[in-house]
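Some notes on the structure that comes next.
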Amino acid sequence: MAYNLTSSPLFSPDPNEGVYAEVIIPLALPRNYTWAIPTHLRANISKGSRVEVQLKNKKYSGIVKTIHTDKPTAFEPRDILNLLEEQPLIYPQQLKLWEWIGDYYMCSEGEVMQAALPSHLKLSSESILTYNEEFGENFSDLNDEEYLVAEALLLKKELKLSEVQQILDAAHVYPIIKGLIEKKVCMVWEALKDTYKQKLETYVHLEAAYHNEENLAKLLNEWSKNKAPKQLELLLSYLHVIRTEGEVTQTNLLKKANASSAQLKGLADKNIVRLEKRSVDRLPTLPRDIKIDFELSAAQVEAAESVERVLNEKSVCLLQGVTSSGKTQIYIKLIEQYIKAGKQVLYMLPEIALTAQIIRRLQKYFGGYITIYHSKFNPNERVEIWNKIKTGETKVVLGARSSLFLPFKELGLIIVDEEHDPSFKQQEPAPRYHGRDAAIYYASLYNAKVLLGSATPSIESYFNTQAGKYGLVNLTERYGNVQMPAIQIVDVKTIITKEKGKIILSPQLTEAIQQSLQEKKQVILFQNRRGYSPYQICGVCGWIPQCENCDVTLTYHKAKNKLQCHYCGTSYPLVLTCAACGNHNFVQKNFGTEKIEEALVEAFPEAKIARMDYDSIRGKNDHDALIKLFEQQKIDILAGTQMVVKGLDFEHVNLVGIVDADGILNFTDFRVNERAFQLMEQVSGRAGRREAQGKVIVQVSNTHHPVLQFVQHHSYEEMYRFEIENRKNFFYPPFSRVIQLICKHKDKNIAEEAANILGQFLNDKYAAYVSGPAEPAINRVRNQYLYELLLKLPKDAQFLRQCKQDILQQVSIVQSNKRYRSVTIVADVDAV
DNA sequence: AGCACGCCGACT
DNA sequence: GTCGGCGTGCTC
């Protein structure tokens, strides 16, 4: 029997019949649990409502997924304790998205909820101890620790569990609290606290009596000269400000009058002014208008029209535009159309590309229509954004992956910019979803369109256009008709020296930098490794220091004078003595950004040099500050990791150097060619943007690597054709979804055994591809990846489901073996 | 995720 | 003999 319960008020059930709700709570439970809806709440609870429920002895806020009258037989459901808002918190589309993500990425809906809701909408249960007044103050029966807590309780009357933990500074507070309860010193409350706080602003009003001019004049005239002169001064300032501004806030007034809050309080105590606390918006309000002050080039107009045409027919369109072709401008025009049609637009970017640069640009065009949303926002702001999107007030959201979970009212378009970026895929924790793919599903729920944009599309998206699933629009002309930079390959094989190892600055690169500096242009040097040297090797026996947890070679960081594991982040003191042979003869191998910076300083003492990588950027502001300096040409040479590439647009760069291309061509990951090509294209794209011809120098020892040929000619199609062919040798067919199983255990042997058993099974049944570690140095210990090829046909969801079931069953068989019981097996779906 | 229950090793 | 470690199982 099917119920249609999407809106309240609820159907009127037989009063004798129970009504139940399946509730999602933010935990990784095997399935959703059911609570009974008490009669007094029946009229108001509906799908998507936020409710307070009790599980075990904790309280949680959950979301009602379904409402039904099937009385559970296996257990007696408890009542829902409370309805937290009159209106459902989320729309049915969100529920469907959660369900899809949970199913597709193999996690619980609770885990999706965890990721989806701003933390303030997930109430936290905090145990609170209250003092029992009847106990009195005789603490002689208590032991030392109990005494400490009792004393604090006597003073404060109430203590949170976390506070008790601080007082005792011990891990086991429970026995002590138990003792206190038994001795009737205190009682425990489980309290659910709504953590969202409205921002309050104090407004200053003149008391009604003084709205009368006469009374006011009288007050001012009779103000005795020697009493509270500062208050009089403040009052006069107030009268002045109110005339020009209409309404006055406390902070504003005090600043303008240069007065203190005590003086204002004096006026309030005399009943001259009245202070009113009012909740206000945390988000700055900009005027709601669209100001677009540019014209599209002919090529852009053509592309924009094609996109519209494609989107009329298909729900997804891939816009492939070379770097600097002005994709963003096309987005802006498109967004404008959707706003005018009253629709909402979600503009997704990889987190790292959400820089002040792009934000400022969009705010300039869309003012108050646009809102930014990402995980770094503080929780109060996030709740406010949430609400504004839910009411449809905010039309455009610029956000990272997580903005996908916002409750859009009338979503019309999702733009996924830098579609190829691997950071759209969440790795840890669950849900391990791909922002782009989930966006395509989410959009379908609203009948909305999706525009994927990239200069270097991912193979799977490109493949989908070839298969006719997505539309494809090409934008091959750079804005202002600037040529793509010329690419020069420098063979460093011949100039590798025995003692010094790999060369950092070849004569060709040095000369090119010199020339750029002379022309007052800027240079970007790209190196995919941070730190000073990626590994040190014992000159006598060849031993290499590795991380204790990860089997990863330790990178030397000269600035900190420490060895660091780049996988888990652990820092180690410098190793001077070989653990294998006892000699003190380490040789530093290869180089990272730190060493490049050092080499640059030495080679170009006159130039201003900066380094941009994870280590040199502490806060988000450092990043912006450094970019600004570079924009203003206060830096000549910028050396950095991938950070220098993402979403940035520098006008005066005419030379880009890829210092060690071997480092990006040598991955053993099966996506190596695609990644290397994308990376090199993106880096190259930074050269010669709006200026004359730019130049790219690639230093490499394997000059015959096929990817280099494609990069040299910027030949995307050839690259993709090559890659598709290449992958057919590994996978059949290419570009399907695979399920990846990650086995984790303290003991790497046990993890590996379990992984092998699973891999064996998958191989037998699905002819699976079982990969080695993703990178030889990394992952060998904790993660064993097992890839299983899923789809005979990309659309065969049935097959996927079957495979998932088989895998889950096999996982439970493996875990029923005592030896592997505590192996954590994470199942994840990814595109290959 | 918590949290209780229960089974084995190091202590008064 | 007990205290306390963590491995195991359950929560509507």
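Lettering follows sequence order; numbering is per chain, from 1. Bear in mind that the values here come from a model prediction, so they are computed numbers and not experimental data.
Rounded to whole Å, the distance from CD on A/Glu109 to P on B/dA1 is 17 Å. Per the geometry, CG belonging to A/Leu81 stands 11 Å off P belonging to C/dC12, to the nearest Å.
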Walk me through it: do A/Phe424 and A/Met348 pass the test side chain to side chain contact (heavy atoms under 4.5 Å, CB included)? CA-CA 9 Å; A/Phe424 272 120; A/Met348 294 212 295; 4.1 Å; yes
Cut-off 3.5 Å, no hydrogens considered: what does the side-chain donor-acceptor table look like for residues 74-85 of chain A, sequence neighbours left out?
unit_1  : atom_1 : unit_2  : atom_2 : d
A/Glu76 : OE1    : A/Lys71 : NZ     : 3.3
A/Arg78 : NH2    : A/Lys56 : O      : 3.1
A/Asn82 : ND2    : A/Glu52 : OE1    : 3.4
A/Glu85 : OE1    : A/Arg50 : NE     : 3.2
A/Glu85 : OE2    : A/Arg50 : NE     : 3.0
A/Glu85 : OE2    : A/Arg50 : NH2    : 2.8

Protein N or O to nucleotides 9-11 of chain C N or O, pairs below 3.5 Å:
unit_1 : atom_1 : unit_2  : atom_2 : d
C/dT11 : O3'    : A/Lys56 : N      : 3.4

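Judged purely by distance below 3.5 Å, without hydrogens or angles, the side chains of A/Tyr442 and A/Gln94 pair a donor atom with an acceptor atom.
Scanning for salt bridge (Lys or Arg N to Asp or Glu O under 4.0 Å) contacts around A/Arg432 gives A/Glu428, with sequence neighbours left out.
Between A/Tyr433 and A/Tyr441, the ring centre distance reaches or exceeds 6.0 Å.
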